Q: 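I'd like to ask you about the structure that follows.
The structure displayed is predicted, hence computed values, not measured ones. Just follow the structure's listing: the first ligand is 1, and inside any ligand the first atom is 1.
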Amino acid sequence: MTDIARGDVARGVVARGVVAKILPFSAVDGPGNRAVVFLQGCDFDCRYCHNPETRALCVHCGLCVPACPAGALSLEGGRVRWDAARCVSCGACIAACPHGSSPKAVSMTVAEVLSSIDRYKPFLSGVTVSGGECGLQPAFLEALLVEARAAGLPGLVDTNGSADFSSLPGVVAAAEGFMLDVKAWDETEHRALTGAPNRAVVANLRFLAAAGKLYEVRTVVVPGQFDAALTVRETARTLVAAGSGARYKIIRFRPQGVRAAWRGLPTPDDATMGALAAIALREGVREVVVV
Ligand code: SF4
Ligand code: SF4
């Protein structure tokens with residue numbers, strides 16, 4: 001039983017969410033071919049974020065408007081408006097925004113989100129809700145998961161783990177599973193990497209693993225920035241202790257698309273990644289993927 005019942009969305013109980021973008025197809029955001037809904041806004045500021053424009057909600061300052069070469073942006077009544085029909089997806093507005101936002105994030109209902117992917121349904125295994133951080137919009141997240149499931153599209157939640165999912169039983173019940181980032185096990189290192197503590201992340205790891213709701217745990221390896229061996233070992237131990245069959249995806253840092261300060265950092269070599277995978281396997285994780 002979820003907190004939001006079928007039909008609540010239609011009755012307007014859950015109104016809208018702020019959506020950064022929707023990908024109709026992805027083969028890397030969960031099992032099978034999935035639509036991915038990226039919600040706008042994140043409470044972490046990861047130094048290696050590849051979508052830094054999804055961090056903040058737009059404050060309608062208008063600074064991006066003159067940067068648009070296609071006339072797709074305007075400031076009307078103190079709010080920036082984006083004309084999707086004119087947009088040529090050049091990214092100039094995102095580069096011009098000093099707030100970590102995008103003028104292209106839009107307020108949508110659950111019905112509008114599902115309608116936008118409806119024609120792809122025969123080719124989809126499900127929907128993944130990502131971000132930004134989707135846990136910051138829990139009512140919309142739950143409603144989207146409930147309605148997507150009813151439409152035959154089971155939903156996965158891709159999260160940084162900052163929301164307390166043990167206090168969101170409706171989201172947990174409505175989700176097919178969770179993909180959780182464990183960015184660093186050490187609290188100080190996690191703060192340096194993300195600007196935020198990791199207590200909620202570790203609590204979610206334990207809670208979701210014990211609940212049998214974890215599909216995947218991920219760690220991005222950035223040489224010299226945190227103790228990756230400690231992170232992989234402790235994460236793996238936690239999964240195994242909880243009897244979770246979640247797979248552990250260990251991801252190489254890649255500098256493409258990150259902010260300037262981190263573009264010079266190296267990508268970890270095969271030996272480093274292999275050693276980390278060996279730690280997870282030695283601890284008893286059933287499936288380890290290195291990408
Ligand atoms: S991506 Fe932004 S700057 Fe480029 S055309 Fe679209 S709205 Fe304009
Ligand atoms: S996207 Fe950024 S620059 Fe453009 S109006 Fe919003 S906050 Fe200002």
Q: Using a strict cut-off of 4.0 Å, indicate which atoms of ligand 1 neighbour a heavy atom of Cys87.
A: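 Every atom of ligand 1 under 4.0 Å from some heavy atom of Cys87: 1 (S), 5 (S), 6 (Fe), 7 (S).
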
Q: Which value, rounded to the nearest 0.5 Å, describes the distance between Lys21 atom NZ and Glu53 atom CD?
A: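 Here the rounded value is 6.5 Å.
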
Q: So, the side chain of Asn204 versus the backbone of Ala200: is there a donor-acceptor pair under 3.5 Å, distance only?
A: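 Such a contact is found between Asn204 side chain and Ala200 backbone.
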
Q: Tell me whether the rings of His190 and Phe44 are parallel (<30°), tilted (30 to 60°) or perpendicular (>60°).
A: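 Perpendicular, since the angle between the ring planes exceeds 60°.
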
Q: For Ser162 and Asp43, which I'm curious about, is there any donor-acceptor pair between the side chains at under 3.5 Å?
A: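 Yes, Asp43 and Ser162 have a side-chain donor paired with an acceptor closer than 3.5 Å.
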
Q: What do we get for Arg86 next to ligand 1 when only non-hydrogen atoms under 4.0 Å count, side chain, backbone, both or neither?
A: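 For Arg86, no heavy atom sits under 4.0 Å from ligand 1.
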
Q: Closest non-hydrogen protein atom to atom 8 (Fe) of ligand 1, residue and atom name please, with distance?
A: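 Ranked first by proximity to atom 8 (Fe) of ligand 1 is Cys68 SG, 2.3 Å.
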
Q: Which one holds for Ser102 and ligand 2: side chain close, backbone close, both close, or neither close, with close meaning a heavy atom under 4.0 Å?
A: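 Answer for Ser102: backbone.
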
Q: Can you tell me if Thr54 uses its side chain to pair, donor with acceptor, with the backbone of Gly132 under 3.5 Å?
A: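 Between the backbone of Gly132 and the side chain of Thr54 there is a qualifying donor-acceptor contact (under 3.5 Å).
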
Q: Under 4.0 Å from any heavy atom of Val88, which atoms of ligand 1 are there?
A: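 So the atoms of ligand 1 that pass are 5 (S), 6 (Fe).
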
Q: For ligand 1, which atoms sit closer than 4.0 Å to a heavy atom of Lys104?
A: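 Selected atoms, number and element: 1 (S).
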
Q: For atom 5 (S) of ligand 2, what's the nearest protein heavy-atom neighbour? Residue, atom name and distance, please.
A: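 Checking every protein heavy atom, the shortest distance to atom 5 (S) of ligand 2 gives Gly62 N, 3.3 Å.
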
Q: Tell me which one of Cys90, Cys64, Cys93, Cys97 gets a heavy atom nearest to atom 4 (Fe) of ligand 1.
A: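 Selected option, by shortest heavy-atom distance: Cys90.
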
Q: Run Lys249 and Asp181 through salt bridge (Lys or Arg N to Asp or Glu O under 4.0 Å) and show every step you take.
A: CA-CA 9 Å; Lys249 186 186 271 187; Asp181 291 342; over 6 Å; no

Q: If you compare all heavy atoms of Leu153 against all heavy atoms of Lys121, which two are closest, and at what distance to 0.1 Å?
A: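 Heavy atoms only, the tightest pair is CD1-CG, 3.6 Å.
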
Q: Suppose I only count heavy atoms of Trp82 and a 4.0 Å limit; which atoms of ligand 1 are within that range?
A: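 Matching atoms, with element in brackets: 7 (S).
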
Q: Measure centre to centre between the rings of Phe178 and Tyr215, then say whether the value is under 6.0 Å.
A: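 So the answer is no for these two rings.
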
Q: What's the shortest distance from atom 6 (Fe) of ligand 2 to any protein heavy atom, and which residue and atom give it?
A: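 So the nearest neighbour among protein heavy atoms is Cys58 SG, 2.3 Å.
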
Q: Tell me the protein heavy atom at minimum distance from atom 1 (S) of ligand 2, and give that distance in Å.
A: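 Scanning the protein heavy atoms, the shortest distance from atom 1 (S) of ligand 2 goes to Pro103 N, 3.3 Å.
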
